Amino acid sequence: MAKKKWSSTPAVTSVQDKPATLKDLLRPEILEGLKAQADAMKAEEQAKKDAERAKADAARKAEEKRLENDFGHLLSKSSLDWRKHK
């Protein structure tokens, strides 16, 4: 039995040998429409996140303002070391 000799040059694949992708099969105007729709959805999601973040920030600030006027909270938070303020 003789050994098979393997060629050291790799097989070159041309562009025509590759299978067609969905991007290649769709018309350009449909592809642009899909891209625009995806961008709109991303922008809507970002706006929703920004609104949620702003709402949480406003709630946090309102809670801080409420706690500033709460004597019990200020007393528990403050230091009882009177020597610092002597």
Side-chain angles (χ1 to χ4, degrees):
M1 293 193 137
K3 291 185 177 179
K4 293 183 179 178
K5 291 185 179 181
W6 298 96
S7 63
S8 62
T9 59
V12 178
T13 58
S14 66
V15 176
Q16 296 171 350
D17 292 342
K18 294 181 181 178
T21 62
L22 185 59
K23 183 179 178 182
D24 298 333
L25 296 176
L26 287 177
R27 291 191 314 245
E29 55 271 2
I30 293 176
L31 192 61
E32 290 299 320
L34 289 173
K35 285 182 181 179
Q37 186 179 15
D39 291 340
M41 290 174 70
K42 285 179 185 178
E44 182 181 323
E45 183 71 26
Q46 185 65 32
K48 197 181 289 186
K49 284 182 183 179
D50 289 343
E52 186 176 313
R53 187 178 304 124
K55 184 178 177 183
D57 191 36
R60 181 184 52 82
K61 285 183 180 181
E63 181 67 16
E64 284 180 9
K65 187 157 182 99
R66 186 189 66 80
L67 289 176
E68 283 178 0
N69 295 328
D70 186 14
F71 185 72
H73 175 72
L74 292 175
L75 186 62
S76 66
K77 196 174 178 182
S78 68
S79 171
L80 296 177
D81 189 14
W82 54 270
R83 290 183 190 113
K84 287 182 187 177
H85 308 291
K86 193 174 178 183

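Note that this is a predicted model, so its numbers are computed, not measured.
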> Report, as yes or no, whether the 6.0 Å neighbourhood of atom CD on Glu29 holds more than 12 heavy atoms from other residues, nucleotides or ligands.
yes

> Measuring from atom OG1 of Thr21 to atom CG of Leu26, what distance do you get when rounded to the nearest 0.5 angstrom?
8.5 Å

> Hey, could you give me the CE/CG distance between Met41 and Asp39, rounded to the nearest 0.5 Å?
11.0 Å

> When rounded to the nearest 0.5 angstrom, what is the spacing between CG in Asp50 and CD in Glu45?
10.5 Å

> Could you tell me which non-hydrogen atom of Leu67 sits nearest to which non-hydrogen atom of Leu74, and how far apart they are?
O-CG, 4.1 Å

> Count the heavy atoms belonging to other residues, nucleotides or ligands that lie under 6.0 Å from CD of Glu63, then report whether that count exceeds 12.
yes

> I'd like to check the salt bridge (charged side-chain N to carboxylate O under 4.0 Å, His left out) partners of Glu64; sequence neighbours left out, ordered by chain and number.
Arg60

> To the nearest 0.5 Å, what is the distance between CD on Gln46 and CZ on Arg53?
6.5 Å

